[in-house]
Amino acid sequence: MLRYKNSLRKKLHDKLKVKHSLSLEDLEIGYPPQAKFGDLALTFPFELAKKMKAEPRKVAQEIVQLISPLEGVEKIEVAVPGYINLFLDKRSFFSQQLLTLDTPSLSPQEEHIIVEHTNINPNKAAHIGHLRNACLGDTLVRCLKYKDEKVEVQNYVDDTGVQVGDVVFGFMDMEKKKLSDIAKIKEKFDYYCWDLYRRVAAYFEKNPEAQERRSEILKKIEEREKPEVELAHHISRRILKSHLQTMDRIGVSYDLLPCESDILGLKFWEKAFSLLKAQKAVYLASSGPNQDCWVMETEDEGQKEKVIVRSDGTVTYVGKDIAYQLWKFGLLGRDFYYEPFIKKDDKTIWITASAPQKDSPQFGRGSQVYNVIDIRQAYLQKIVVQGLKSLKYFKQAAKSIHFSYEMVALSQKSLEELNLEISEEDKERSFLEVSGRKGLGIKADDLLDRLEEKALAEVEKRNPEFTESQKTSIARQISCGALRYFMLKYARNSIIVFDFDEALNFEGETGPYLQYTLVRLNSIFRKLEERESFGEKDLQDLISSGEIPLEMLSGEELTRFWDLVLYASQFEEEVLHSIHSLEFSHLAKFAFNLCQKFNAYYHLYSILGAENSQFKQIRILTIYHIKEVLGKAFSLLGIPLPERM
RNA sequence: GCGCCUGUAGCUCAGUACGGAUAGAGCAAGGGAUUCCUAAUCCCUAGGUCGCAGGUUCGAAUCCUGCCAGGCGCACCA
């Protein structure tokens with residue numbers, strides 16, 4: 001449809017330019033609210049009427065005279081207030097759609113896009129909040145790649161921060177463990193640390209005097225002193241591997257894992273600091289509450305300033321982030337070294353290193369950067385962008401996009417289900433924020449396990465004859481589909497109050513519903529092959545022959561057919577819209593709606609048992625079109641497609 | 001206090017970017033459909049002062065102003 005609209009817009013522009021000065025963009029083409037009004041609607045007569053101080057209806061009528069006849073358009077009508085409704089030539093439109101199924105009309109606009117997402121502190125297991133981040137980020141990546149953009153996916157690892165330091169404290173000071181003892185821990189390590197981290201946080205609450213030791217550990221990690229730095233390294237790498245395994249379960253992967261330890265080791269901050277000082281973007285506060293700190297003035301809030309370097313000379317998180325953002329755009333003048341971290345199939349996930357390595361690829365130097373980070377960090381992201389601006393990198397500042405989203409919270413009901421202890425104060429709240437420190441949260445692997453378990457039981461019920469490995473593999477695909485759809489169905493601005501019943505539901509607007517629809521669709525084609533030896537080649541022959549016996553259809557079936565075709569053809573528009581608004585719930589809803597439309601069609605019209613071969617032909621072509629579009633949509637949403645379920 | 005966000009059906013949410021034709025889904029509730037391509041499905045019923053009050057407009061859930069309610073942010077934490 002995108003392609004069609006673009007060419008229609010050009011045609012309209014050509015026909016109208018003699019009489020009206022309208023730009024191509026002014027000629028907006030929308031959809032009427034009801035199918036009976038038409039297939040496409042032009043609303044620009046209203047704008048024009050305003051300019052000409054005329055009645056919209058009259059303007060619309062005049063325009064219809066100018067643009068008629070239009071190639072590919074069967075009928076043009078003026079609707080009462082002043083819309084121009086177009087009725088397309090169904091046969092030529094459908095045939096065009098079928099022939100261009102494999103050739104996307106989207107084209108890239110950037111040289112190199114960097115998407116940073118996931119970014120879990122490597123000191124505990126991943127939880128549902130992290131899953132939302134990863135699903136959003138990964139879907140963006142898939143959509144950008146579909147648009148043919150060059151995309152590099154980074155997952156930042158804060159391996160020298162407070163959170164890792166706290167777990168080091170837990171092992172060393174509370175559990176009195178050495179590296180060799182930790183290495184011997186057999187149980188799921190990220191779960192072990194989840195629990196330990198919660199105990200450490202509670203310990204610091206009760207023993208404020210331990211703060212001193214806490215700072216000491218952090219300092220030793222930064223200055224690469226043993227044994228603290230060895231422990232931090234062991235813990236962070238081991239947990240990072242767990243995270244990658246968890247993310248692999250939902251089909252999420254990365255190109256590069258940039259580590260904070262290397263940002264420190266390679267003195268990224270020192271370089272960024274000298275750049276900022278040279279541009280006078282930061283200054284040493286000589287008085288006031290921030291005395292002896294290097295601060296940056298914030299844009300809108302008047303005199304307010306943000307501390308970048310503390311009075312003890314250490315750099316804040318934002319400072320390091322500014323350096324990292326500069327590096328992403330290739331503006332820092334320093335670079336990482338890289339080594340392989342994990343190889344799976346033919347894909348390598350690289351990690352940064354602080355010494356030169358052999359045969360490593362190039363990363364960074366993006367022309368556009370997306371940071372997928374929850375909305376609570378909006379202020380800090382703004383400061384990072386301001387850092388770029390103060391260095392006069394206005395273009396890069398404009399291309400720094402904070403992909404923000406709301407948190408996943410826990411309902412009181414889900415807390416009860418998990419038997420988590422909460423304070424009296426927290427009991428009053430309608431929902432609770434996930435908190436690693438308090439150990440409040442649902443671990444990603446636990447949730448995925450529960451989804452898999454339920455899916456397995458459902459598969460068992462329906463397909464007892466499948467082999468065990470078939471069943472588990474299908475269950476995995478279903479759990480992934482269920483989770484990804486769940487994370488994408490909500491607008492990013494909306495808080496997800498997590499509820500087990502909702503998340504584990506496989507009926508209605510859920511991932512498994514979508515998967516089931518496509519499984520059914522595929523199974524029709526499988527049966528066509530089995531029973532009638534009608535295969536892919538016959539299908540392609542049918543399409544290229546251009547024989548579309550549309551004349552067979554009338555009444556209800558014609559309406560349904562056309563509704564399906566028209567809706568499915570909007571796929572690329574939905575992808576673009578989702579990228580522009582960073583709202584992938586649009587794409588999720590689109591796939592769901594298309595499934596609903598198909599399911600209704602499926603119930604009314606038999607394909608295998610069609611009345612005659614012409615009905616069969618047209619129905620096969622119709623559902624093939626849907627199958628292809630759904631297949632593409634699923635792959636962008638990261639929803640796997642089981643053979644059967 | 002300042003800034004950002006949210007308020008739509010019993011519940012969970014779309015729809016707001018760029019105002020447009022009768023405000024849509026799912027869940028829950030009630031009723032119905034399976035000798036036939038997978039019932040993880042489909043159909044029907046019921047359910048709405050779009051937080052409140054003004055304003056702009058031919059036209060407002062959508063834009064503007066004020067108010068009410070809730071959330072988040074405004075660290076020498078990350």
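Each chain gets a letter, A, B and so on, in the order the sequences are listed, and its residues count up from 1.
Not a single salt bridge (Lys or Arg N to Asp or Glu O under 4.0 Å) links A:K36 to another residue, sequence neighbours left out. Remark: A:R213 engages A:F169, A:M172, A:D173, A:E216, A:I217, A:E228 in a side chain to side chain contact (heavy atoms under 4.5 Å, CB included) (not counting sequence neighbours). By the side-chain hydrogen bond (donor to acceptor under 3.5 Å, both in side chains) test, A:T160 pairs with A:E260, sequence neighbours left out. A:Y490 is linked by a side-chain hydrogen bond (donor to acceptor under 3.5 Å, both in side chains) to A:E502, counting only residues two or more places apart in sequence or in another chain. Under the salt bridge (Lys or Arg N to Asp or Glu O under 4.0 Å) criterion, A:E611 pairs with A:R619, sequence neighbours left out. Residues satisfying the side-chain hydrogen bond (donor to acceptor under 3.5 Å, both in side chains) criterion with A:E628, sequence neighbours excluded, are absent altogether. Legend: residues meeting side chain to side chain contact (heavy atoms under 4.5 Å, CB included) with A:R476, ordered by chain and number and at least two apart, are A:E452. Scored by the side-chain hydrogen bond (donor to acceptor under 3.5 Å, both in side chains) test, A:S261 finds A:D159 as partners (sequence neighbours excluded).
Taking atom C1' in both B:rC27 and B:rG59, one finds a spacing of 34 Å when rounded to whole Å. Taking atom C1' on both B:rG20 and B:rU57, the two are 12 Å apart, rounded to the nearest angstrom.
The A:Y83 side chain lies nearest to B:rG20 when the options are B:rA40, B:rC77, B:rG20. Closest contact between the side chain of A:N599 and the listed nucleotides B:rA40, B:rA78, B:rC42 involves B:rC42. The side chain of A:Q377 lies closest to B:rA78, out of B:rA78, B:rA21, B:rC42. Nearest to the side chain of A:P33, among B:rA21, B:rC43, B:rC77, sits B:rA21. Relative to the side chain of A:N493, the nucleotides B:rA78, B:rC13, B:rU6 differ in distance, and B:rU6 lies closest. Distances were taken from every side-chain heavy atom of A:R376 (C-beta onward) to each of B:rA40, B:rC72, B:rA78; the shortest belongs to B:rC72. Proximity note for A:V162 (side chain, C-beta onward) versus B:rA40, B:rA78, B:rG71: the nearest is B:rA78.
In this structure, A:K382 atom NZ and B:rA75 atom P are separated by 13 Å, rounded to whole Å. In this entry the distance linking CZ of A:F506 with P of B:rA39 reads 18 Å, nearest Å. Rounded to a whole Å, the CG atom of A:D499 is 13 Å from the C1' atom of B:rC13. Straight-line distance from the CD atom of A:Q211 to the P atom of B:rC77: 11 Å, rounded to whole Å. Residue A:Y31 contributes atom OH, which lies 16 Å from atom P of B:rG20 at whole-angstrom precision. Rounded to whole Å, the distance from CD on A:E222 to P on B:rC77 is 12 Å. Look at CG on A:L514: it is 16 Å from P on B:rA25, rounded to the nearest Å. Whole-Å rounding puts the A:M487 CE to B:rC13 P distance at 13 Å.
Minimum heavy-atom separation, A:M407 to A:E433: SD-CG, 3.5 Å.
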Can you check nucleotides 57-62 of chain B for protein contacts, nitrogen or oxygen pairs under 3.5 Å, and list what you find?
none

Just the table, please: protein N/O against nucleotides 33-37 of chain B N/O, every pair under 3.5 Å.
unit_1, atom_1, unit_2, atom_2, d
B:rC37, O3', A:K527, NZ, 3.2
B:rC37, O2, A:I607, N, 3.3
B:rC37, O2, A:L608, N, 3.0
B:rC37, N3, A:I607, N, 2.9
B:rC37, N4, A:Y602, O, 2.4
B:rC37, N4, A:Y605, O, 2.5

Between the protein and nucleotides 26-28 of chain B, are there any N/O to N/O pairs under 3.5 Å, and if so, what are the atom names and distances?
unit_1, atom_1, unit_2, atom_2, d
B:rG26, OP1, A:Q596, NE2, 3.0

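Contact annotation for A:L528: no contact, since no heavy-atom pair falls under 4.0 Å across all strands. As judged by a 4.0 angstrom heavy-atom cut-off over every strand, A:A491 is placed among residues touching the sugar-phosphate backbone only. The residue A:L380 sits close to a base: some heavy atom pair falls under 4.0 Å. Base engagement by A:K36 is indicated by at least one non-hydrogen atom pair under 4.0 Å involving a base atom. Residue contacts shown for A:E532 are absent, as no nucleic acid heavy atom lies under 4.0 Å away. When heavy atoms are screened at a 4.0 angstrom cut-off, A:D374 is found touching no nucleic acid atom at all. No contact: A:V315 has no heavy atom under 4.0 Å from any strand. A:R462 comes within 4.0 angstrom of a nucleotide base, judged by non-hydrogen atoms across all strands. At a threshold of 4.0 angstrom between heavy atoms, the contacts of A:V519 include nucleobase atoms, whether or not backbone atoms are also involved. At a threshold of 4.0 angstrom between heavy atoms, the contacts of A:H586 are confined to the sugar-phosphate backbone, with no base atom among them. Using a 4.0 Å heavy-atom cutoff across all strands shown, A:Y490 reaches sugar-phosphate atoms only and no base atom. Residue A:T43 is out of contact with every strand shown, counting any heavy-atom pair closer than 4.0 Å. Counting non-hydrogen atoms under 4.0 angstrom, A:N593 reaches nothing in the nucleic acid.
Here A:F37 lies parallel enough and close enough to stack on the base of B:rA21, with planes under 30° and ring centres under 5.5 Å apart.
In this structure, a donor-acceptor pair under 3.5 Å is absent between the side chains of A:Y197 and A:D166. Neither side chain, A:N119 nor A:Q154, offers a donor N or O lying under 3.5 Å from an acceptor on the other. Side-chain contact, A:N599 with A:T517: a donor N or O sits under 3.5 Å from an acceptor N or O. No side-chain N or O of A:N522 forms a donor-acceptor pair with one of A:R644 less than 3.5 Å apart.
Ring centers of A:F590 and A:Y567: under 6.0 Å apart, within the cut-off. For A:F506 and A:Y513, the gap between ring centers reaches or exceeds 6.0 Å.
In this structure, A:V307 and A:I375 both approach RNA chain B, and ranking their closest nucleotides by distance from the 5' end singles out A:I375. Position along RNA chain B of the nearest nucleotide to A:Q291 versus A:I478 favours A:I478 as the more 5'-ward residue.
Contact check for A:I239 versus A:K124: no side-chain heavy atoms found under the 4.5 Å cut-off. The shortest side-chain heavy-atom distance between A:F268 and A:K320 does not fall under the 4.5 Å cut-off.
Donor-acceptor pairing under 3.5 Å, judged by distance alone, is absent between the side chain of A:E406 and the base of B:rU6.
Pairing analysis of RNA chain B (Watson-Crick: purine N1 to pyrimidine N3 plus N6-O4 or O6-N4; G-U wobble: N1-O2 and O6-N3; both under 3.5 Å) yields stems of 3 or more pairs at B:1-7 with B:68-74, B:10-13 with B:24-27, B:29-33 with B:41-45, B:51-55 with B:63-67.
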